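Below is one structure, written out as structure tokens; the observations come after it.
Quantities reported herein were computed from a predicted structural model and do not represent experimental measurements.
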Amino acid sequence: MSLDKAEKKETTSRMIGALLRVPFQATVSQIYEGLTKAGYSDLRPSHFTVFQHLPPEGARLTELAEKAQITKQSMGYLIEYLEECGYIRRVPDPADGRASLILWSEKGKTLEREARRIMLRIEEDWSTYLGEARFQQLRETLKDLVFYLEEQEPKN
């Protein structure tokens, strides 16, 4: 499917934020739809904020809130719900007994594997549309941009 001139002009006049936002939102929507079809009907796209930022080794609530750019209270609400649903668990932080680490539960790990399968299908679709070479170029360019931006972040 090719863009006509009017559609291409509309797309090219968008700033980089919109050009990044549209594929991101489409990705979230497709993952949500796929997870719902797979039986995960207790989740909403807002819960993905936690999953996107939760590393395998776990993280503190404050770290997750900072990475997601939301308040600790908002992250706490999401964490509470996901814990009640059994997707995550809290354990004492071995580095600081006053804090908790949020970790994937077994149910959460199963969810993550399903989300990754859906994401692979999305990437296959995009690769088919763009062509393998252009898709790989997009992937490499984004990886370079991520590396650059993460290097710009202040180190604590």
Side-chain angles (χ1 to χ4, degrees), residues 1-3 7-36 40 43-83 87-91 93-96 99-105 108-156:
M1 170 177 17
S2 177
L3 298 175
E7 290 172 319
K8 202 163 206 159
K9 183 175 183 342
E10 157 63 19
T11 302
T12 56
S13 68
R14 294 181 184 174
M15 296 186 77
I16 192 73
L19 292 172
L20 292 168
R21 183 185 67 246
V22 171
F24 174 75
Q25 288 175 328
T27 300
V28 169
S29 179
Q30 289 177 48
I31 291 173
Y32 175 67
E33 182 181 313
L35 289 174
T36 300
Y40 296 97
L43 295 173
R44 299 292 171 261
S46 60
H47 298 120
F48 297 174
T49 302
V50 176
F51 301 139
Q52 291 167 358
H53 299 286
L54 184 58
E57 67 277 7
R60 292 182 182 179
L61 185 143
T62 53
E63 294 170 50
L64 292 171
E66 185 179 300
K67 287 181 180 179
Q69 297 178 331
I70 63 175
T71 65
K72 289 187 289 186
Q73 292 80 4
S74 295
M75 182 58 73
Y77 173 78
L78 294 171
I79 294 293
E80 230 174 83
Y81 179 81
L82 293 170
E83 186 176 29
Y87 293 107
I88 59 171
R89 59 192 179 93
R90 292 186 226 209
V91 298
D93 184 341
D96 181 353
S100 294
L101 279 180
I102 290 94
L103 298 166
W104 291 98
S105 67
K109 290 175 187 176
T110 302
L111 167 79
E112 182 190 26
R113 285 190 296 275
E114 182 61 30
R116 287 181 178 279
R117 279 193 286 276
I118 296 165
M119 191 65 236
L120 286 173
R121 287 195 300 270
I122 294 168
E123 288 186 15
E124 288 169 5
D125 181 49
W126 291 6
S127 181
T128 299
Y129 175 74
L130 294 172
E132 182 66 26
R134 286 183 68 210
F135 182 74
Q136 288 308 318
Q137 181 182 24
L138 172 64
R139 176 182 278 289
E140 290 304 313
T141 300
L142 289 171
K143 284 168 48 177
D144 289 346
L145 185 57
V146 167
F147 177 79
Y148 168 75
L149 294 171
E150 287 179 345
E151 287 296 306
Q152 302 305 307
E153 292 177 2
K155 305 294 185 231
N156 292 338

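- Among residues at least two apart or in separate chains, there is no salt bridge (charged side-chain N to carboxylate O under 4.0 Å, His left out) pair with a member in residues 68-81.
- Taking all atoms of both residues into account, the shortest heavy-atom contact from Pro23 to Ala18 is CD-O, 4.5 Å.
- Here the closest non-hydrogen pair linking Leu138 and Leu130 is CD2-CD1, 4.1 Å.
- The pair Arg117-Glu114 counts as a salt bridge, with a side-chain nitrogen and a carboxylate oxygen less than 4.0 angstrom apart.
- The two atoms that bring Val50 and Met75 nearest to each other are CG2-SD, 3.5 Å, heavy atoms only.
- The line from CH2 of Trp104 to CG of Leu111 is 6.0 Å long, rounded to the nearest 0.5 Å.
- Closest heavy-atom contact between Ala59 and Leu54: N-CD1, 4.0 Å.
- In this structure, CD on Gln52 lies 11.5 Å from CG on Leu64, to the nearest 0.5 angstrom.
- Atom NZ of Lys67 sits about 10.5 Å away from atom OG1 of Thr62, to the nearest 0.5 Å.
- Heavy atoms of other residues, nucleotides or ligands lying less than 6.0 angstrom from CD of Glu57 number more than 12.
- Atom CG of residue Leu43 and atom OH of residue Tyr87 lie 4.0 Å apart, to the nearest 0.5 angstrom.
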Margin query: Please evaluate residues Trp126 and Thr27 with respect to the criterion side chain to side chain contact (heavy atoms under 4.5 Å, CB included), reporting the C-alpha separation (whole Å), side-chain torsions for both, the decisive distance (0.1 Å), and the verdict.
Written below: CA-CA 11 Å; Trp126 291 6; Thr27 300; 3.4 Å; yes

Notebook entry, point to check: Do Ile70 and Leu78 pass the side chain to side chain contact (heavy atoms under 4.5 Å, CB included) test, and can you show the C-alpha distance, the side-chain angles, and the key distance before you say yes or no?
Noted result: CA-CA 11 Å; Ile70 63 175; Leu78 294 171; 4.0 Å; yes

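- Using a 4.5 Å heavy-atom cutoff, the side chains of Leu101 and Arg90 are not in contact.
- Of the inter-residue distances, the one linking Ser100 atom OG with Asp93 atom CG reads 8.0 Å to the nearest 0.5 angstrom.
- Every residue two or more places apart in sequence or in another chain that forms a side chain to side chain contact (heavy atoms under 4.5 Å, CB included) with Tyr32 is listed here: Thr36, Arg44, Pro45, Phe48.
- Shortest non-hydrogen contact noted between Leu35 and Ala115 is CD2-N, 4.0 Å.
- Screening residues 129-142 for salt bridge (charged side-chain N to carboxylate O under 4.0 Å, His left out), with sequence neighbours left out, gives Glu123-Arg139, Glu140-Lys143.
- For Thr141, the side chain to side chain contact (heavy atoms under 4.5 Å, CB included) criterion is met by Gln137, not counting sequence neighbours.
- In this structure, CE on Met119 lies 11.0 Å from CZ on Arg121, to the nearest 0.5 angstrom.
- Judged as a side chain to side chain contact (heavy atoms under 4.5 Å, CB included), and not counting sequence neighbours, the contacts of Thr110 are Tyr40, Arg113.
- Under the salt bridge (Lys or Arg N to Asp or Glu O under 4.0 Å) criterion, Glu124 pairs with no residue at all, not counting sequence neighbours.
- Relative orientation of the His47 and Tyr81 rings is parallel, given thresholds of 30° and 60° on the angle between their planes.
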